[in-house]
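Since the structure comes first, as C-alpha cells, the remarks are kept for the end.
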Amino acid sequence: MSQWIPVCQYSQLTNGLGVCALVNGQQVAVFCVEGELFALDNFDPFSEINVISRGITGDLKDRLVVASPIYKQHFDLRTGQCLEDDSVSLNVYPIETVDGVVQVMTAPLVKQVA
Amino acid sequence: MSAKQSLIVVGNGMVGHSFLEKLVAAGGLDQYQVTVFGEEPRPAYDRVHLSEYFSGRSAEELSMVKEGFYQQGGLHLRLNEAVQQIDRDVKQVVTSKGQTIQYDQLVLATGSYPFVPPVPGHDRANCFVYRTIEDLEAITEGARGSKTGVVVGGGLLGLEAAKALKDLGLETHVVEFAPRLMAVQVDDGGGAMLRQKIEALGVSIHTGKNTKLITDGDGAVHQMQFADGEVLNTDLILFSAGIRPRDELAKQSALAMGERGGIVINDQCQASDPAIFAIGECALWEGKIFGLVAPGYQMAQIAVDQLTGKTDSQFRGADMSTKLKLMGVDVASIGDAHGQTKGSLSYQFIDDEKKVYKKLVVSKTKKRVLGAVLVGDADEYGNLLQMMLNDMVPPKNPAELILPQGDGAAPQGLGIAALPDTAQICSCFNVSKGDLVGAVAGGCQDIGALKAETGAGTGCGGCAQLVKQVLDNELTQLGVEVKKDICEHFPYSRQELYHLVRVGELTSFNDVIASHGQGKGCDICKPTIGSILASCWNDYILKNEHAPLQDTNDYFLGNIQKDGTYSIVPRVPGGEITPEKLIVIGEVAKDFKLYTKITGGQRIDLFGAHVNELPAIWKRLVDAGFETGHAYGKSLRTVKSCVGSTWCRYGVLDSTSMAIAVEHRYRGVRSPHKVKMAVSGCTRECAEAQSKDVGIIATEKGWNLYVAGNGGMKPRHADLFATELDDETLVKYIDRFMMFYVRTAERLQRTSVWMDNLEGGLDYLKSVIIDDSLGINQELENEMTHLVGTYQCEWKTTLESPEKLQRFSHFVNSDELDSNVVFVSEREQRRPASKEEKITLQELS
Ligand code: SRM
Ligand SMILES: Cc1cc2nc3c(=O)[nH]c(=O)nc-3n(C[C@H](O)[C@H](O)[C@H](O)COP(=O)(O)OP(=O)(O)OC[C@H]3O[C@@H](n4cnc5c(N)ncnc54)[C@H](O)[C@@H]3O)c2cc1C
Ligand code: SF4
Ligand code: FES
C-alpha cells in the first residue's frame, strides 16, 4: 500500500537546490523550484549512482529540468523523461506540503503509456 | 513502362566495386539491372592494404564490401566467372562458363596484371607475383621451405614486397634494373637516402642489374645471372617489375588501344564504343595509365555520372603524388619531383645523421610549388601538396618549407586555416576541405565520425594527417564560434556577460538574468555566471544566492568520483610540505580509510569520502593549517616547483619560494577554465614550466616568463613572453595576464586557445600587458589586488557555518550513508567496487 512519508520541513529546502530523501528505503531526489515541489528517483541511470539530487536545476525550451551532475543529461522535473534519450526516464513521485512539512508518496506515479 | 536497361560490369576489383557503390548511391539501380563478373573467387578487397595480410589481417577483414551490398535487388555478382569475349555488334558478352549475356551499357574495370620480364626461367617453380590474395597464399607457402628471397623490381610495390619477404623470415634482396630505387617517384638524392635506410633494415639492394637468366641454383633453388656477369643464388623469386593493363577484351573486340596497351578512354571515361566505359588501371587517358587507386575512383564517379544523366562531368587527369611508409620509412613524392619543368629551381635538404632527404621544386619565379621529394620525414607532405594543388605562393625563401623548424621559430608553410574550402583533401574520395568543414559543423566531432560521414581517409590513407588537421582546426574554431550565446537563456558570450556584470555591478544570478536574460537558467549559464560573479566580487561561493549556481564539485568543495563519493586535495603550495603536515594527511587518510595517491600536480589526493564525512575530514586538515586546494574549481590549481637554488647545484634563483609566493597570490581566483603554473630554478626546467598556462624559469639575469602552455588533450608549449624580469615586474605581468584572461576568455577556454584566438595572438598580448596599449593595466592590477585581498579558504568559512554544514549529508531525513557506495580492497587500500563485484557482495550478504 502506498502512503505519504514526511521527509523534511519546507523551510529546509532552498530554491533551485535539491536534497535526497529516504522514502521507505527508496532514495528520492526532492527539488523546490520557485515554490513548486518535485520528487524523482535519485538514481542516475547513466552513471548508475545516486546523485540526481545534486544536479543543477533550470529550464530548457520551457521544460523544467535537472541536469545529472555526472554526465549532464537533463531530466524533466515533471515527468522524469530524459531529454537526450527517449528510452530513459526517472520515476516521479507525488509530493506535497502539509503544515510546513514536505511529504512524498512511497509509490511513483504510474506513467501514462502513450 | 520501359524495362530497366542491362548494365554489365567486368571486374570486381577496387575500382569496379567503387563504381557500384557510387552507382547505388546515385540511385542507378532504378534505371539499370546490373550484372557484375569477377574472375577472382572473392568479392572486392582492399589491394592497397594487401600486405597487411602478412601481418595477420584476414581476407574477410580486407574485404571492401558492406554486408548485404550484393544482396540488394537488381545487383547480381557472379564470382569465379570471367568475361572472355565481347560481341559489340549484338551487344553481348560471353563468359568463361559459356553463358551469353546481353548488355545495353558495359563497364570494363579489369585492372592490371603484374609484368614479368620474359627472362628465360621466369616460370620456374617458386617464382611469384604480388597482386592477389591467392598470390600471397602461394608466397607464404613457398617461403616455408626457403631461406633467401629476391624481389625483382625496386619500385614502390617491390619494396613493399621486400618487406613482406623480410617479415616471412627470409634473407631478402632487391634487384633493380634502374640505377636507383623508386626511380619513377624520387630523384637520385632521395633514392640514395632510401637505399641507406632500407639497407640498414637488413635488405640487400642491387641496382643497375639486368637479369639475363634464371637457372638451377648453387646451394639454393635458383641462380639469377645478370648481364654484368654477377650471380645471385636464391630460393624464391618475386616479380614486381611494373604493371600492364588488362586489355585482352579490348583487343579481342577491336576497341581503340594505346601503343603499349591500355583501353583508350575520353574525358567521359568512354572507350571508342560509346556503350562501353573503361575505368581504373585498365584505362588509358591521354596516353597515361594511372596505377593508383584514387584516380580510378575518380573515373568510377565520372562513369556513374554519365550513366545517370550528369553528362557534363569529366575526367581531367589526376594528381599522382604519393606518400607511403615503406618498411617503416616515410617516402613521399609530389608533382614534378624530378624538376622537369623548364626553368624550375630546386632546393635540397640533407640530414645525414637522421637520414632525412628533402627536395623542393618551385617555378622560375618562385611563385609556385611544383613538386617535392621527401624521404625519412614526410610530415610536410600535406602542406606541400596543398600548396601545389592550390597554387599558393610559397614564402620569400621557399627553402623554409623544407628546412627543419628552429627553436621558437614561427611555424612555416601554411596553416590548414589558410586553405581555401575548395582544396581537395582526400583524393581517393574527392573530399574537399569545405566538405569536411561542413561535416564537422554538422556534428562529426571526432575523426571516426568524420571518416564515416565523408569517406575521407578510408582509401589509401594518405590524407589522414590532413583530415585530422582540418578537424582540429574546426573544433578549435567551434569552441569559440559555434554560437557566441552561452545558452538559450543569455544572448551573450562569456566575455560579454563578464562585462555586463562588472559594469552593471551586478552581484547575483537573479540580477543578471533579470536584466540581461530570460527563463530560469540552466547547468551551463548558472556555473558560468557563478564563476564570473566570483571573479568580479570574490564572494563566498556557497552563500545561499550563489549555492544553486555551483556544479556539484564546487558545491561540496571536492571532486565527485564515479561512485558518488568525493576526493580531497589540500593545497600544498609549490609542492613543499613539512613532515608534520604529511603525517596529518596520513592520519586523516587512515582514520577515514581514504584511498591515497600522489597527484600529477605535486600534491596528495584522498579519495572515497562520503559527503557526510567531508566536514570532519576538513576540520582535521584546516586545524592542522591546510587550506582547500581548489582541485574542483575553475581556478588556480597548482604551482609546480623544482627545488631550485636552495639545494640544487645548478639552480640560479629560489624557484620554490617564488612558486609558493605565486600560489598564495593567485589561489582561489575563479577563471574561465583552470589555470596551472610552474617555476623552474634554471633552464634544465625540472618543473616543466613550459607546459603551463604561466611558466616561470630562472636565469642568471632574472625570470623568464612563458605563457599559454598546457598539457591535456592538445598539449601546447608555452610561448616566451618576457625575459630577465625582477620579482616585482614578474608578478605585475602575471596579474595583468590573469585578469585580462578572466575578462576576455570564453567559457572553458584554456589560456592557449584564448591567446591563439586573440587577433594578433602573442604579439597583441605583449602590447596589452607590456606596453599597455589599451591603457587598462592599472585597472587589471587593481582588480587582482582586490581578489588577492578578499581571498578566503572556502573550507574554513564553511566549517564556521553550522547552517552550511547541514548540507553535507546524503539524506535530508537520515544520517545513513548511501548504501550504493561499496568498496573493495586493492593493494592494501580501498577502491569503488565494480558493478559485478557489488552484485557478488550483495549475494553473499
Ligand atoms: C588527480 C589528478 C590525476 C592524478 O591522480 O594525478 C587529476 C584528476 C582529474 N583531472 Fe586532471 N588531474 C591531475 C593532473 C592533471 C594534469 C597534470 C598537471 O597538472 O601537471 C593535466 C595536464 C596539464 C594541464 O592541465 O595542462 C591534467 C589534465 C586534465 C584535463 C585536460 C585539460 C585540457 O586543457 O585539455 C581535464 C579535463 C578538463 O579540465 O576539462 C582534467 C580533469 C580532471 C578531473 C577533474 C576529471 C573529473 O572531472 O573528474 C579529475 C579529477 C579527479 C579528482 O577527484 O581529483 N585533467 N590533469 C591530477 C590532479 C593534480 C592536482 O594536484 O590538482
Ligand atoms: C600490393 C599492392 C599495394 C598497392 N598500394 C597502393 C597504394 O598504396 N596506393 C594506391 O593508390 N594504389 C596502390 N596499389 C594499386 C591499387 O591496388 C590499384 O590501383 C587498384 O587496385 C586498381 O583497381 P582496379 O579495380 O582498376 O583493378 P583491380 O583492383 O586489379 O581489379 C580488377 C579486377 O578485375 C578482375 N578481372 C580482370 N579481367 C577480368 C575479366 N575478363 N572478367 C572478370 N574479371 C576480370 C581481376 O581479377 C581483378 O579482380 C597497390 C597495389 C598492390 C598490388
Ligand atoms: S587522465 Fe583522465 S582518468 Fe586520469 S585522472 Fe585525468 S581525467 Fe581522470
Ligand atoms: S587520399 Fe586516399 S584516403 Fe584520402
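The figures here come from the full heavy-atom set of this structure, side chains too, leaving out hydrogens, waters and symmetry mates. In what follows, chains are A, B, ... by sequence order, proteins preceding strands, each numbered from 1. Keep in mind that this is a model prediction, so the values were computed, not measured.
Contact of A/Val7 with chain B is made through backbone and side chain together, with heavy-atom distances under 4.5 Å. B/Lys562 touches chain A through its backbone: at least one of N, CA, C or O sits under 4.5 Å from a heavy atom, while the side chain does not. Heavy atoms closer than 4.5 Å to chain B are found in both the backbone and the side chain of A/Glu48. For a residue to count as touching a neighbouring chain, one of its non-hydrogen atoms must lie under 4.5 Å from one of that chain's; by this rule B/Phe811 touches chain A with backbone and side chain alike. With a 4.5 Å cut-off on non-hydrogen atoms, A/Asn15 touches chain B through its backbone but not through its side chain. For A/Leu13, no part sits under 4.5 Å from any heavy atom of chain B, backbone or side chain.
Aromatic ring centres of A/Tyr71 and A/Phe46 lie farther apart than the 6.0 Å criterion allows. Aromatic ring centres of B/Tyr632 and B/Trp795: separated by at least 6.0 Å.
Here A/Asp62 does not pair with B/Lys520 in a salt bridge; the nearest charged N to carboxylate O distance is not below 4.0 Å. Between B/Glu545 and B/Lys526, no side-chain nitrogen of the basic residue sits less than 4.0 Å from a carboxylate oxygen of the acidic one, so the salt-bridge criterion is not met.
Most heavy-atom pairs under 4.5 Å with chain B: of the set A/Asp44, A/Val51, A/Val33, A/Leu22, this distinction falls to A/Leu22. Between chain A and the residues B/Val821, B/Asp818, B/Thr552, B/Asn544, the most heavy-atom pairs under 4.5 angstrom are made by B/Asp818. If you tally non-hydrogen atom pairs under 4.5 Å between each of A/Gly16, A/Gly58, A/Cys20, A/Pro69 and chain B, the highest count goes to A/Cys20. The greatest number of non-hydrogen atom pairs below 4.5 Å with chain B, out of A/Leu64, A/Thr57, A/Val30, is found for A/Thr57. Considering only heavy-atom pairs separated by less than 4.5 Å from chain B, the leading option among A/Pro6, A/Cys8, A/Gly55, A/Ala21 is A/Ala21.
Although no hydrogens or angles enter the test, the distance criterion places a donor-acceptor pair under 3.5 Å between the side chain of B/Ser493 and the main chain of B/Glu496. Judged by distance alone, the side chain of A/Gln81 and the main-chain N or O of A/Asp86 form a donor-acceptor pair under 3.5 Å. Under the 3.5 Å distance criterion, the side-chain polar atoms of B/Arg807 are left unmatched by any main-chain donor or acceptor of B/Glu803.
Between the CD atom in A/Gln26 and the CG atom in A/Asn24 there is a gap of 8.5 Å [rounded to 0.5 Å].
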